[in-house]
Amino acid sequence: EISHRRRLLTAQFPLAAMRRIGASVDGTVNDALLAICGGGLRSYLLEQRKLPKQALLAGVPVSVRTPGEQHGNELSMIVCPLGTTSRDPLARLRHISRATRKAKQRLRELSPTARQDYMDMVLLPAVLLTVAGASTSVPPPFNVLVSNVPGPAGRLYMAGSRLEEIYPLSLVTDAQALNITAVSCGTKLCLGITACPDNLPQIEHLEAHLDAAYRELKSAVAS
């Protein structure tokens with residue numbers, strides 16, 4: 001169970017570089033984000049001497065809106081391994097890209113109703129267990145929620161001041177003490193990281209671990 005305390009962290013990466021990293025394995029910005037999160041969490045858990053033998057799993061909301069639709073949200077969920085058992089950042093990126101590609105293909109093969117049913121199947125038990133105060137009695141479907149939300153397409157201003165960055169703050173729950181949400185803003189991908197520090201000691205170090213994972217992955221792709 002989590003306590004009432006929260007630790008809020010931020011990080012940012014150049015959006016163009018994230019696109020290049022994803023494209024290097026025929027993947028996406030989201031694949032690059034997941035690989036960086038996997039590398040950062042691996043380093044953090046090694047620092048805490050708590051790295052599990054099995055790879056961490058990320059719950060990743062994905063849009064399943066039909067091409068051409070302009071309004072409303074249609075979301076489903078995929079569960080992706082974060083490659084935390086691998087030391088190789090490029091191997092981690094390739095593994096994540098293959099996993100997300102297969103998961104998205106499976107979603108595309110489902111009807112819209114089945115996609116929504118699948119998301120409900122993944123999330124509803126966790127919601128019900130949280131309401132019942134029993135969320136720690138069974139293993140969660142994934143270890144961390146990693147969400148990438150498209151930001152404004154154009155420039156935004158308030159009273160003549162240009163919006164430079166957006167840092168989203170999201171929710172954590174029992175058995176889910178960490179949430180990583182990204183929003184694109186202009187040339188940047190901005191991460192808002194919400195955590196319960198009582199469950200995740202020294203989680204403030206994660207920001208530096210994510211930055212190191214980004215630089216390591218960028219270097220591996222360039223070479």
Side-chain angles (χ1 to χ4, degrees), residues 6-41 58-78 80 82 89 93 96-97 99-101 103-105 107-108 112 115-116 119 123 144-172 178-195 206-222:
R6 298 291 180 268
R7 187 64 47 83
L8 307 175
L9 312 172
T10 63
Q12 64 169 255
F13 306 111
L15 192 53
M18 296 290 281
R19 287 196 183 101
R20 286 194 297 270
I21 290 171
S24 70
V25 293
D26 294 323
T28 65
V29 169
N30 210 40
D31 294 334
L33 173 64
L34 289 167
I36 290 167
C37 289
L41 287 168
V60 185
V62 295
S63 174
V64 292
R65 189 166 60 185
T66 303
E69 286 187 301
Q70 299 296 322
H71 303 288
N73 292 323
E74 290 188 31
L75 296 176
S76 191
M77 176 78 69
I78 64 174
C80 176
L82 286 175
L93 175 63
I96 287 171
S97 184
T100 59
R101 196 177 301 120
K104 290 174 184 176
Q105 179 59 38
L107 282 180
R108 283 193 289 268
R115 293 171 191 162
Q116 185 61 54
M119 185 172 183
L123 294 180
V144 57
L145 188 69
V146 181
S147 181
N148 183 10
V149 182
R155 295 180 179 179
L156 297 179
Y157 295 82
M158 176 178 284
S161 297
R162 179 179 170 181
L163 175 66
E164 297 287 350
E165 300 167 2
I166 301 175
Y167 293 101
L169 303 179
S170 197
L171 300 175
V172 292
L178 179 66
N179 183 301
I180 301 174
T181 302
V183 172
S184 55
C185 182
T187 61
K188 304 169 185 175
L189 188 67
C190 303
L191 275 64
I193 303 158
T194 308
L206 180 60
E207 185 177 346
H209 288 308
L210 290 172
D211 184 62
Y214 163 72
R215 288 186 277 105
E216 185 179 40
L217 182 57
K218 184 182 178 183
S219 177
V221 167

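Because the structure is a prediction, the values reported are computed rather than measured. The residues of the chain are indexed from 1 along the displayed sequence.
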Undergrad: Under the side chain to side chain contact (heavy atoms under 4.5 Å, CB included) test, which residues partner Cys185, sequence neighbours left out?
TA: Leu163, Ile166, Cys190
Undergrad: Before giving the answer on side-chain contact (heavy atoms from CB on, under 4.5 Å), spell out for Leu210 and Ile193 the whole-Å C-alpha distance, their side-chain angles and the decisive distance to 0.1 Å.
TA: CA-CA 11 Å; Leu210 290 172; Ile193 303 158; 3.5 Å; yes
Undergrad: With a 4.5 Å heavy-atom cut-off, do Thr194 and Leu8 have their side chains touching?
TA: yes
Undergrad: Can you list the residues that meet the side-chain hydrogen bond (donor to acceptor under 3.5 Å, both in side chains) rule with Arg101, with sequence neighbours excluded?
TA: Ser97
Undergrad: Do the non-hydrogen side-chain atoms of Met18 and Ile36 ever get within less than 4.5 Å of each other?
TA: yes
Undergrad: Please identify each residue that fulfils side chain to side chain contact (heavy atoms under 4.5 Å, CB included) with Ala58, with sequence neighbours left out.
TA: Leu34, Val60, Leu82, Val144, Val146
Undergrad: Taking all atoms of both residues into account, what is the closest heavy-atom pair of Leu93 and Ser24, and its distance?
TA: CD2-OG, 3.9 Å
Undergrad: Taking atom CZ of Arg6 and atom CG of Leu171, what is their separation to the nearest 0.5 Å?
TA: 8.5 Å
Undergrad: Do the non-hydrogen side-chain atoms of Thr100 and Asn30 ever get within less than 4.5 Å of each other?
TA: no
Undergrad: Just jot down the side-chain hydrogen bond (donor to acceptor under 3.5 Å, both in side chains) partners of Arg108, sequence neighbours excluded, or say none.
TA: Gln105
Undergrad: Give, for atom CG of Leu217 and atom CD1 of Ile21, the distance between the pair rounded to the nearest 0.5 Å.
TA: 4.5 Å
Undergrad: Is a donor on one side and an acceptor on the other found under 3.5 Å between the side chain of Thr28 and the backbone of Gly22?
TA: no
Undergrad: Which heavy-atom pair separates Glu165 from Lys188 by the least distance, and what is that distance?
TA: OE2-NZ, 2.9 Å
Undergrad: Answer yes or no: is there a side-chain heavy-atom contact under 4.5 Å between Val29 and Ser184?
TA: no
Undergrad: Please enumerate all residues that pass side chain to side chain contact (heavy atoms under 4.5 Å, CB included) together with Ala195, with sequence neighbours excluded.
TA: Leu178, Leu200, Ile203
Undergrad: Give me each pair satisfying salt bridge (charged side-chain N to carboxylate O under 4.0 Å, His left out) with a member in residues 208-222, each pair once, sequence neighbours excluded.
TA: Asp211-Arg215
Undergrad: Taking only residues two or more places apart in sequence, or in another chain, which ones meet Lys104 in a side-chain hydrogen bond (donor to acceptor under 3.5 Å, both in side chains)?
TA: none
Undergrad: Mind checking side-chain hydrogen bond (donor to acceptor under 3.5 Å, both in side chains) for Ser170 and listing every partner two or more places apart, or none if nothing turns up?
TA: Asn179
Undergrad: Partners of Glu207 by salt bridge (charged side-chain N to carboxylate O under 4.0 Å, His left out), sequence neighbours excluded?
TA: none
Undergrad: Can you run down the salt bridge (charged side-chain N to carboxylate O under 4.0 Å, His left out) pairs that involve residues 7-32, sequence neighbours left out, and say none if there aren't any?
TA: Arg7-Glu204
Undergrad: Mind jotting down which residue pairs meet the ring-ring contact (aromatic ring centres under 6.0 Å, His included) criterion with at least one end in residues 9-30? Sequence neighbours excluded, please.
TA: Phe13-Tyr214
Undergrad: Going by the rule side chain to side chain contact (heavy atoms under 4.5 Å, CB included), which residues pair with Ala182 if we only count those two or more places apart in sequence or in a different chain?
TA: Leu33, Asn148, Leu189, Leu191
